[in-house]
Amino acid sequence: MKTQCIALAVLLTASLPAAGGDALVPGSESAQAVNTFALKLLNSVTNRSENFVLSPFGIHMVLSMAREGAGGGTRREIDDALAVPEGVDYGENYNQLLNRLRTVVTNGQSELRTASSIWTQEDVFIDEKYKETLKESFLSSIETADFRKLPGQSAVDINAWVSRRTGGRIRKITDRGAFNNNTVAALVSAVYFKGAWTEPFKYSKTRTGKFLLPDMKKAEVYYMRQTERVDYGFDEHVELLSKQYVGRDLEIMFVVPRRIGVFTGEGERITTEKIAKWIHLLQTRETEVYLPKFKFGTMVDITGLLKKLGVKEAFDAEKADFSAMGASLFLDRAVHAAEIEVEEKGTTASSATMAVAAFGDAPERPPVFAADRPFLFFIRERFTGLILFMGYVANPNQR
């Protein structure tokens, strides 16, 4: 039998990570699954000499959509990688999470939008029950394309869909070369985040200063500066700062090592327990804040990362089982694109992913928080604790 292929594209946007929400909150089980997956993903990125930004939620959502069409060992591998919770209706729980995100304040200053879609080859059958599941559980739209005869136009249409749902921040996630005669479908998810600080920085106070790079050299960067009441914490290893966005549903946490070299090499694993500890260390207090401005994007083939997390059969043409979609399919590759900008007014972040398948001492008060060396950041939805975006800044000047 001829093996066919499908293309899956995921679109992401940035927001702050969380330690896992209240188990009684609708959708919290899916949020916790995303967070577990997020830290697996973070720990798999071993190149700490360059900036990166990822939307684990966007990647998780598109793989969850693919998971609904998988069976056998393929589904078990995806479930394990995605930390799919046992004993819950996964589709219904994910739907609760997505509906929760729809309630996040959208007042023109802070905004969070999520969307997903399935694009099917117009003359190829994709199981109607599967498509209905995507509509009901993931709020997906159903689209058609002609990947075989019009691969260029298919890429234009998908890119336009992504661009509209990310405020024009992600303009390209695919091109005609991603599709061939065996391509029968594409799964796409999009997330867009724009947040204005509750306490914005004044442009007039932004000054240059030194930033210690991973190679121990120093770069001149722009620092936003102010004294404000903000969530600050520390232990013997890190200093923490969490700033909220207008509406207070979303926040971003910066994690700066107290010792040079932490986070810059392999082996420093971040766990859900560690994230929870960091969040519990935060206390609202008057703090002198020095935060570098940065803007950069990441475009990376994440197929290898997903295989490292155990998603192997799905990419194997001989072993993949996506029979619930109605055809013999396998995933060819997965690509992720994301970007983030942090400046005086706030944060804007967006991302896209595409997978192609084929048939010490207490500091003096006020404390000083200075992100003057490589650091981590997380954007999360505070009610569920969902990590929407995460990343690492090795050099604020790097684009």
Side-chain angles (χ1 to χ4, degrees), residues 16-19 35 38-39 42-43 45-54 197 199 201 207-244 251-294 296 340 342 347 360-380 387 389-398:
L16 186 208
N35 291 356
L39 299 183
L42 179 61
N43 292 322
V45 180
T46 57
N47 181 2
R48 297 297 172 84
S49 63
E50 297 180 354
N51 299 346
F52 68 82
V53 56
L54 301 171
W197 308 122
E199 296 290 338
F201 294 89
R207 297 285 188 275
T208 58
K210 301 295 184 182
F211 186 93
L212 188 62
L213 302 174
D215 62 4
M216 305 306 287
K217 295 180 181 178
K218 292 183 178 180
E220 197 84 6
V221 307
Y222 282 100
Y223 282 96
M224 303 176 290
R225 310 180 305 160
Q226 69 185 9
T227 299
E228 60 177 302
R229 285 190 63 78
V230 69
D231 291 341
Y232 169 83
F234 69 96
D235 63 14
E236 66 272 28
H237 302 297
V238 298
E239 286 191 85
L240 310 158
L241 184 81
S242 183
K243 276 181 70 68
Q244 295 181 12
E251 65 183 355
I252 182 167
M253 181 169 69
F254 300 95
V255 185
V256 178
R258 304 191 76 181
R259 179 173 59 82
I260 303 299
V262 177
F263 303 150
T264 61
E266 299 180 29
E268 290 102 358
R269 300 190 64 79
I270 311 300
T271 63
T272 53
E273 293 78 14
K274 188 173 287 188
I275 293 282
K277 176 188 174 184
W278 288 343
I279 290 173
H280 288 136
L281 288 172
L282 295 170
Q283 295 182 20
T284 305
R285 63 184 79 180
E286 199 83 359
T287 306
E288 289 184 37
V289 178
Y290 295 82
L291 188 64
K293 297 176 63 169
F294 57 89
F296 63 87
I340 186 167
V342 172
T347 301
D361 289 333
E364 297 179 3
R365 295 180 182 274
V368 176
F369 178 86
D372 60 357
R373 61 196 64 187
F375 60 88
L376 298 170
F377 65 85
F378 302 87
I379 299 177
R380 73 172 184 172
I387 298 174
F389 287 83
M390 63 186 185
Y392 170 75
V393 179
N395 182 351
N397 292 332
Q398 193 180 85

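In what follows, every heavy atom counts, from backbone to side chain, and hydrogens, waters and symmetry copies are set aside. In what follows, residues are counted from 1 in the order of the sequence shown.
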Between CG on residue L42 and CG on residue L54, distance to nearest 0.5 Å: 8.0 Å
Pairwise side-chain contact, V256 with V238, heavy-atom cut-off 4.5 Å (strictly under): no
Spacing of K293 atom NZ and F201 atom CZ [to the nearest 0.5 Å]: 11.0 Å
Side chains of E50 and N395 in contact at under 4.5 Å (non-hydrogen atoms): no
Aromatic contact, F377 with F294 (centres under 6.0 Å): yes
Salt bridge flag under 4.0 Å for residues R229 and E199: no
Note: D231-R285 ion pair, threshold 4.0 Å (strictly below): no
N35 (side chain) donor-acceptor with T272 (main chain) under 3.5 angstrom: no
Check: L212 and D372 side chains under 4.5 Å, non-hydrogen atoms: no
Cation-pi, Y222 ring and R207 (6.0 angstrom, 45 degrees): no
Distance (rounded to the nearest 0.5 Å) between Q244 CD and M253 CE: 13.0 Å
Any side-chain donor near an acceptor of the partner, Y232 and E286, under 3.5 Å: no
Pairs where residues 208-220 contributes a residue and the test salt bridge (charged side-chain N to carboxylate O under 4.0 Å, His left out) is met, not counting sequence neighbours: K210-E220
Distance, nearest 0.5 Å, that separates CG of L240 from CD of Q283: 11.5 Å
Spacing of L282 atom CG and I279 atom CD1 [to the nearest 0.5 Å]: 7.0 Å
Spacing of F52 atom CZ and L376 atom CG [to the nearest 0.5 Å]: 7.0 Å
Close side-chain approach of P292 to F375, heavy-atom, < 4.5 Å: yes
